[in-house]
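Keep in mind it's a predicted model, so treat the numbers as computed, not measured. Below, read A as the first sequence line, B as the second, and so on, with proteins coming before strands; counting in each chain starts at 1.
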Amino acid sequence: MSDNEDKVATGEGEEKKQTITIRVKDQSGEETFFKVKPHTKMEKIFSAYAQRKGVPVTALRFLLDGTRIAADQTPKMLELEDQDQIDCALEQVGGW
Amino acid sequence: MEDGIVGALAKGIAVSSQTNEQNEHDSDLEEVELVKPPAKTSTYFRQKSRYVAEKTKEWDEKFCDQVAVCSQNWASCDVLFHGDRKELEIQQIPRTKSRLAMPKKDSDYKKVYIPYDDVRNVRTHNKALLLVLELVSTSKICAQYGIDGLNRVVLRYVDEIAYTCMQSNFETEFKASKAKILELADGDVQDCTSIFDRKQKRKSYFELEDPTKKLQLQDKQVVNEPNKKLIDAAIIIHELISPEFEPRTRAENKKKSDEDEKNKLKRQKARKQISKDRVIVRYPLQTHARSRITLTEGDVARLAQGEFLNDNLIDFFFKFCNTQLDISQRNTMHFYSTHFYSTLANMNEDNLERIKRWTKTVPIFERRFLFVPVNENCHWSLAVICNPGGLIKPKAEPIVVDVDEMPSDIIGESQEFEETSNDKVACILYFDSLQCHNKQKIAKNLRRYLEIEFNSRFPEQLTIETNKAEFIEPDVPRQSNSCDCGVYLLLYAVEVIKRFPLGVAPNDVANNCRDQLSPTMFATDAVMEFRDYIHQVLSCLSMLQKHRVDDTQETLRHEGLTLFTNSFEV
């Protein structure tokens with residue numbers, strides 16, 4: 001009984017403590033670091049980053065190895081590890 | 001007699017409470033002195049006076065849901081008739097929620113007396129449950145509250161019974177006065193109620209709920225006016241959550257009117273932004289899918305004629321296009337992200353590493369077509385690398401391949417190239433609807449990319465001759481306006497897929513693909529239709545996502561939205 005409880009407690013503790021650092025790199029090569037929990041939605045990082053840069057979130061694109069990251073995904077879903085890098089690109093528009 | 005005293009007393013309280021707010025009613029003050037008002041007006045008194053009023057039923061006390069006095073919004077009010085004094089009283093009622101949020105001072109409750117003679121006309125609207133009192137422009141009330149020349153009091157009801165009661169009250173009360181009861185024209189309803197729409201935001205001041213919740217709720221409904229209000233509400237709430245928020249009194253509000261003007265502009269901007277940010281669809285619909293693209297209302301708005309397409313739309317369409325293909329067909333082509341080329345173009349050591357990771361999982365040298373959308377200087381063009389495997393040649397010395405040490409996919413690729421390289425010739429098809437991008441540079445970059453990819457994938461025994469890849473610019477329909485190049489890009493891609501079901505053959509390269517691609521391969525009308533088509537696809541997908549239905553080929557066929565019809569089943 002007590003063993004079980006201990007296990008559960010430590011398991012949860014590890015889960016909680018486990019934060020990873022994600023690097024967001026923009027086109028000019030500037031890096032911004034974000035400490036996140038594995039289950040935090042990427043949305044949070046995006047909006048924090050956009051706020052720092054002073055642009056609306058919709059004008060930014062976040063790419064992981066060339067694939068888009070959706071706002072409702074989490075680092076866990078993306079299998080992000082500590083010190084992993086995300087690329088940030090600006091919206092591209094074209095007409096003429 | 002007794003009633004009269006109570007009435008006068010209550011009025012005295014009311015007037016003295018007014019003095020806290022404004023000292024303009026000198027004539028009223030004189031009256032008050034006669035009646036000897038209570039020394040101070042506390043909330044207790046105020047409540048008591050109201051209580052007395054209800055008890056004695058001296059006045060017809062009627063609750064009105066929304067009241068606008070000139071250009072001010074008073075929300076819920078009591079409307080009282082003082083038949084004896086020929087005055088109409090409108091008194092603001094504290095909202096229960098706001099009372100919890102911030103204790104209000106007596107002076108915060110507004111109250112106004114409108115002499116019957118000040119009312120020019122009473123207009124009624126039975127459908128909208130509106131009562132509009134048109135005041136004479138000389139009225140004191142107008143001077144006090146009518147900032148932008150609005151001299152009217154608007155009463156709006158939610159309850160029809162209350163409305164009809166009040167309407168009949170007006171009829172009886174105003175019988176003797178010069179005011180006429182008239183119908184309100186339908187066209188004026190909007191004008192009269194617009195002030196309440198502003199008010200709706202105020203109401204939400206204190207509902208400190210999660211703004212995103214409201215937006216989600218709004219997502220489920222069709223876009224109409226109430227939704228706009230919700231968005232407004234969300235913005236206001238959002239602003240008020242900020243730490244510097246302090247409860248403001250009405251007096252402070254007046255001082256801040258200038259600031260408010262600025263904020264209003266800001267809010268309008270924010271409102272626009274929020275409505276733009278509303279997510280229409282996340283594609284692919286499956287939540288576990290990789291590389292989901294979030295399309296917002298702002299992106300969809302770009303499908304209107306004359307608007308520029310952005311990377312979201314292009315990426316979305318390529319993804320959609322890919323899923324519309326048969327499995328066998330799908331494995332012969334690869335669509336790059338729009339950001340691929342821009343990353344490739346400003347290549348440095350760091351980007352090089354990055355680029356390699358982009359197509360890590362895709363055996364690009366096995367593909368017949370690699371679609372590379374190019375965005376530079378606000379213009380889209382499309383490069384298609386055809387049969388890149390055809391560039392790979394064995395080196396002069398005999399090949400010794402240690403099969404055991406090689407990863408399996410490389411074996412597959414090298415075998416593939418041996419089979420196909422003979423009848424397929426590598427080339428780069430380039431489509432630019434305005435012919436304004438630097439072709440040489442693009443060709444150079446793509447060749448370099450192929451080289452890099454090759455070096456990271458293949459054993460040393462092989463070599464790549466990127467210069468053999470001919471750069472072809474076929475004659476295709478060109479853009480006649482200055483906004484459609486994104487659509488042209490997509491159309492070129494679709495045409496290439498349609499017209500080269502088996503890939504580009506050597507004789508195609510020899511005659512510049514003239515057999516397949518011509519300047520008349522699609523009409524100018526197709527461009528507009530194509531915008532419509534993407535719009536339809538998006539709205540269909542949005543519906544499917546909302547109802548959690550999978551976007552299978554059948555569903556899309558049912559909607560008539562499949563991209564490739566029988567023409568493609570070769």
Side-chain angles (χ1 to χ4, degrees), chain A residues 22-33 38-81 83-96, chain B residues 273 276-277 279 282-283 287-294 296-299 302 306-312 314-315 319 336-343 346 348 350-351 354-361 373-381 433-434 436 479 481-487 489:
Chain A
I22 292 173
R23 299 180 295 156
V24 179
K25 194 163 194 173
D26 69 5
Q27 281 154 318
S28 63
E30 195 186 308
E31 283 188 13
T32 314
F33 292 76
H39 292 287
T40 311
K41 284 198 174 169
M42 297 304 284
E43 204 170 13
K44 266 195 161 176
I45 299 178
F46 297 168
S47 52
Y49 187 78
Q51 205 161 23
R52 277 181 71 97
K53 295 276 165 184
V55 287
V57 191
T58 39
L60 296 175
R61 311 281 183 253
F62 295 90
L63 307 162
L64 175 66
D65 292 350
T67 60
R68 294 287 190 94
I69 304 170
D72 56 356
Q73 286 177 308
T74 63
K76 181 124 187 166
M77 282 159 82
L78 295 163
E79 293 167 3
L80 285 175
E81 282 163 19
Q83 297 297 323
D84 267 356
Q85 184 187 306
I86 286 174
D87 299 319
C88 173
L90 274 173
E91 179 184 24
Q92 292 175 326
V93 184
W96 51 276
Chain B
Q273 192 59 47
K276 265 190 190 172
D277 292 355
V279 175
R282 289 211 166 91
Y283 193 83
T287 40
H288 59 266
R290 270 185 90 226
S291 192
R292 293 179 90 200
I293 295 171
T294 309
T296 61
E297 204 155 89
D299 295 327
R302 291 186 173 277
E307 295 288 330
F308 290 13
L309 263 56
N310 69 1
D311 52 346
N312 266 355
I314 306 257
D315 277 345
K319 256 181 206 301
Y336 283 89
S337 153
T338 54
H339 294 278
F340 167 77
Y341 183 79
S342 34
T343 317
N346 51 45
N348 52 37
D350 186 51
N351 278 359
R354 243 195 276 182
I355 282 283
K356 276 187 201 165
R357 274 186 282 137
W358 283 41
T359 45
K360 209 168 38 179
T361 54
V374 178
N375 179 280
E376 259 178 356
N377 309 326
C378 275
H379 177 59
W380 291 108
S381 66
S433 53
L434 282 178
C436 65
Q479 184 182 349
N481 57 15
S482 58
C483 56
D484 278 335
C485 72
V487 191
L489 183 160

Participant: Given side-chain contact (heavy atoms from CB on, under 4.5 Å), test B:R292 with A:D72 step by step and report yes or no.
Facilitator: CA-CA 10 Å; B:R292 293 179 90 200; A:D72 56 356; 3.2 Å; yes

Participant: Of all heavy-atom pairs between A:V93 and B:W380, which one has the smallest distance, and what is that distance?
Facilitator: C-NE1, 4.0 Å

Participant: So which of A:D65, A:T67, A:L90 has the largest heavy-atom pair count under 4.5 angstrom toward chain B?
Facilitator: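 With the most close heavy-atom pairs to chain B, the winner is A:D65.
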
Participant: Quick check: do A:Q92 and B:I314 have side-chain heavy atoms less than 4.5 Å from each other?
Facilitator: no

Participant: Between B:D311 and A:R68, is any pair of side-chain heavy atoms under 4.5 Å apart?
Facilitator: yes

Participant: For the residue pair B:T294 and A:A71, what are the closest heavy atoms and their distance?
Facilitator: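 Looking at all heavy atoms of both residues, the shortest contact is OG1-N, 4.4 Å.
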
Participant: Crowded around A:K53 NZ? As in, over 12 foreign heavy atoms under 6.0 Å?
Facilitator: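 Yes, NZ of A:K53 has more than 12 neighbouring heavy atoms, counting only those of other groups under 6.0 Å.
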
Participant: Is it true that, when you exclude A:Q51 itself, more than 12 heavy atoms of the residues, nucleotides or ligands shown sit nearer than 6.0 Å to its CD?
Facilitator: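 No.
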
Participant: With chain A as the partner, which of B:L434, B:T296, B:L489, B:N312 has the greatest number of non-hydrogen pairs under 4.5 Å?
Facilitator: B:N312

Participant: Return the OG to CG distance between B:S291 and A:L64, rounded to the nearest 0.5 Å.
Facilitator: 9.5 Å

Participant: For the side chain of B:Q479 and the backbone of A:G95, is there at least one donor-acceptor N/O pair under 3.5 Å apart?
Facilitator: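 Yes, B:Q479 side chain to A:G95 backbone: donor-acceptor pair under 3.5 Å.
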
Participant: Under a 4.5 Å heavy-atom cut-off, does chain A meet the side chain of B:T338, its backbone, both or neither?
Facilitator: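 When you check distances to chain A, atoms from both the backbone and side chain of B:T338 fall under 4.5 Å.
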
Participant: Which region of B:N346, side chain (C-beta onward) or backbone (N, CA, C, O), has a non-hydrogen atom less than 4.5 Å from a non-hydrogen atom of chain A, or is it both or neither?
Facilitator: neither

Participant: Could A:R61 and B:D315 be called an ion pair, given the rule that one side-chain N must be under 4.0 Å from one carboxylate O?
Facilitator: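 Judged by the 4.0 Å cut-off on N to carboxylate O distance, A:R61 and B:D315 do not form a salt bridge.
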
Participant: Any idea which of B:C483, B:S381, B:S433 has the most non-hydrogen atom pairs under 4.5 angstrom with chain A?
Facilitator: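 When all of B:C483, B:S381, B:S433 are compared, B:C483 has the most.
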
Participant: Within a 6.0 Å radius of atom CD on A:E79, are there more than 12 heavy atoms belonging to other residues, nucleotides or ligands?
Facilitator: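 Open: at most 12 neighbouring heavy atoms sit under 6.0 Å from CD of A:E79.
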
Participant: Taking all non-hydrogen atoms of both residues, which atom of B:S337 and which atom of A:G66 are closest, and how far apart?
Facilitator: CB-O, 4.0 Å

